[in-house]
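Remarks on the structure that follows.
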Amino acid sequence: MKKILFIVTFLISQFNLFSQKEIVGKVAFYKSIESDWKVLESFPNQTIKNLTNRVHSIEIVQNNHISKLETDSTGIFKFKTKENDSIQIYVNASFPLFKEEFEIVLNQIKDTLQLKISDKKISVYRDSINEPQFYAQYNEKQAALDFQNGKKRLLAIAVDWPKEDVIKRFEEIENEYGIKYDYFFEPSREKIRIMYRYNQVMKKLIGINKNVW
């Protein structure tokens, strides 16, 4: 009888083992702002590579069970789970600037599970620290408040001798959407990125689908 129970237990354990699926995951950061104008981009390529190629903490929640593990130094990790279950994955949960949450449907995974994290929180934090007063006036939340309060505006870089096509484009945008540009002379890199993010929010709320710079 004991031998039969042992065989049954062994078979069940083997069935559970083979019914599990090994998942290979990869944590990778990406730029929140990509531009040929290097002043505008959120971070250079090497910084994005450094953010990705580090050890990340991983928490996997599945049917009220939590598994904790870490990636290797390139952001890769492996885990086993039941193929048909959905899971929640929390990356770098203890580090607000680096954390992200994902809900994954396992039967949709065909290859390496890509967990892509924007560098936006880190970039915004850096710019807010370097230009605190400007950030307080022109952050994304303020853009939404300005729109709600009827203050429809876009932010632009002032130059001594603007090009004719730029002047014409700005005038067309002001006339078409009933807005005004606020200009800033020689803004820092941080201010330029803050201005860009402000404009992105304002553009969306106003309904502008064209380049405003």
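- In this structure, Glu100 contributes its side chain and Lys116 its backbone to no donor-acceptor pair below 3.5 Å.
- Under a hydrophobic clustering in which Ile, Leu, Val, Met, Phe, Trp and Tyr are joined whenever their side-chain heavy atoms come within less than 4.5 Å, directly or via other members, Ile208 and Leu155 fall into the same cluster.
- Counting only distance, with no hydrogens or angles, the side chain of Asn92 and the backbone of Phe95 share no donor-acceptor pair below 3.5 Å.
- Aromatic ring orientation, Tyr138 versus Phe134: tilted (interplanar angle from 30° to 60°).
- Atom CG of residue Leu113 and atom NZ of residue Lys78 lie 14.0 Å apart, to the nearest 0.5 angstrom.
- Arg54 forms no cation-pi arrangement with Phe29, by the criterion of a distance under 6.0 Å to the ring centre and an angle within 45° of the ring axis.
- Panel note: side chain Ser128, backbone Tyr125; a donor-acceptor pair is recorded below 3.5 Å.
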Steps toward salt bridge (Lys or Arg N to Asp or Glu O under 4.0 Å) verdict (Arg197, Asp127) | CA-CA 11 Å; Arg197 296 189 195 101; Asp127 294 342; 3.0 Å; yes
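- Atom-to-atom distance recorded for Phe79:CZ and Glu22:CD is 9.5 Å, nearest 0.5 angstrom.
- Side-chain contact check for Gln62 and Thr81: at least one donor-acceptor pair (N or O, by modelled atom type) lies under 3.5 Å.
- With contacts defined as side-chain heavy-atom distances shorter than 4.5 Å, the pair Ile23/Thr112 does not qualify.
- In this structure a side-chain-to-backbone donor-acceptor pair under 3.5 Å is present from Thr71 to His56.
- The minimum heavy-atom distance between Phe185 and Asp160, with the atom names listed, is CE2-OD1, 3.8 Å.
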Start with the C-alpha gap between Ile117 and Tyr30, add the side-chain angles, then the distance that decides, and say whether side-chain contact (heavy atoms from CB on, under 4.5 Å) holds.
-> CA-CA 6 Å; Ile117 303 176; Tyr30 66 91; 5.6 Å; no
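- Contact check for Ile179 versus Met202: no side-chain heavy atoms found under the 4.5 Å cut-off.
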Does the side-chain contact (heavy atoms from CB on, under 4.5 Å) test come out yes or no for Lys163 and Asp165, once each step is laid out?
-> CA-CA 6 Å; Lys163 296 179 179 179; Asp165 63 323; 3.1 Å; yes
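- Side chains of Tyr177 and Lys152 form no contact here, defined as non-hydrogen atoms less than 4.5 Å apart.
- Note on residues 204-213: pairs passing side-chain hydrogen bond (donor to acceptor under 3.5 Å, both in side chains), not counting sequence neighbours, are Glu176-Lys210.
- Residues Leu69 and Ile60 have side chains in contact (heavy-atom distance under 4.5 Å, counting atoms from C-beta outward).
- The shortest distance between side-chain heavy atoms of Phe98 and Leu51 falls below 4.5 Å.
- The minimum heavy-atom distance between Ile167 and Pro162, with the atom names listed, is CD1-CG, 3.7 Å.
- Distance alone, capped at 3.5 Å, is enough to place a donor-acceptor pair between the Arg193 side chain and the Val39 backbone.
- Asn199 pairs by the side chain to side chain donor-acceptor pair (under 3.5 Å) definition with nothing, not counting sequence neighbours.
- For Glu171, the side chain to side chain donor-acceptor pair (under 3.5 Å) criterion is met by no residue, not counting sequence neighbours.
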Derivation and outcome, side-chain contact (heavy atoms from CB on, under 4.5 Å), residues Met195 and Phe184 = CA-CA 10 Å; Met195 292 163 62; Phe184 300 88; 3.9 Å; yes
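- Using a 4.5 Å cut-off on side-chain heavy atoms (C-beta onward), Phe77 and Val27 make contact.
- With rounding to the nearest 0.5 Å, the separation of CZ in Arg126 from NZ in Lys121 is 15.5 Å.
- Atom-to-atom distance recorded for Ile87:CD1 and Asn63:CG is 10.5 Å, nearest 0.5 angstrom.
- Checked by atom type and distance alone, the side chain of Lys180 never pairs as donor or acceptor with a backbone atom of Lys151 at under 3.5 Å.
- Remark: Glu131 engages Ser188 in a side chain to side chain donor-acceptor pair (under 3.5 Å) (not counting sequence neighbours).
- Using a distance-only test at 3.5 Å, with no hydrogens or angles considered, a donor-acceptor pair links the side chain of Lys26 to the main chain of Thr74.
- Residue pairs meeting the side-chain hydrogen bond (donor to acceptor under 3.5 Å, both in side chains) criterion with at least one partner in residues 34-48, sequence neighbours excluded, are Lys31-Glu41, Lys31-Asn45, Ser42-Asp119, Gln46-Asn50.
- Note that the CD1 atom of Ile76 and the CG atom of Leu115 stand 11.5 Å from one another [nearest 0.5 Å].
- Between Asp182 and Leu154 there is no side-chain heavy-atom pair separated by less than 4.5 Å.
- Rounding to the nearest 0.5 Å gives a distance of 10.5 Å between CD of Gln200 and OG of Ser32.
- Between the side chain of Tyr181 and the main chain of Val212, a donor-acceptor pair closer than 3.5 Å is present.
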Taking it one step at a time, do Val61 and Tyr90 satisfy side-chain contact (heavy atoms from CB on, under 4.5 Å)?
-> CA-CA 8 Å; Val61 180; Tyr90 301 88; 3.7 Å; yes
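- Proximity of Val91 to Ser57: side-chain heavy atoms (C-beta onward) are nowhere separated by under 4.5 Å.
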Candidate pair Asp146 and Tyr198, rule side-chain hydrogen bond (donor to acceptor under 3.5 Å, both in side chains), full reasoning | CA-CA 10 Å; Asp146 287 347; Tyr198 181 100; 2.6 Å; yes
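- Looking at residues two or more places apart in sequence or on another chain, you find no side chain to side chain donor-acceptor pair (under 3.5 Å) involving Arg169.
- The main-chain N or O of Gly75 is found under 3.5 Å from a side-chain atom of Asp72 such that the two form a donor-acceptor pair.
- The two residues Val201 and Ala144 have their closest heavy-atom pair at CG1-N, 4.1 Å.
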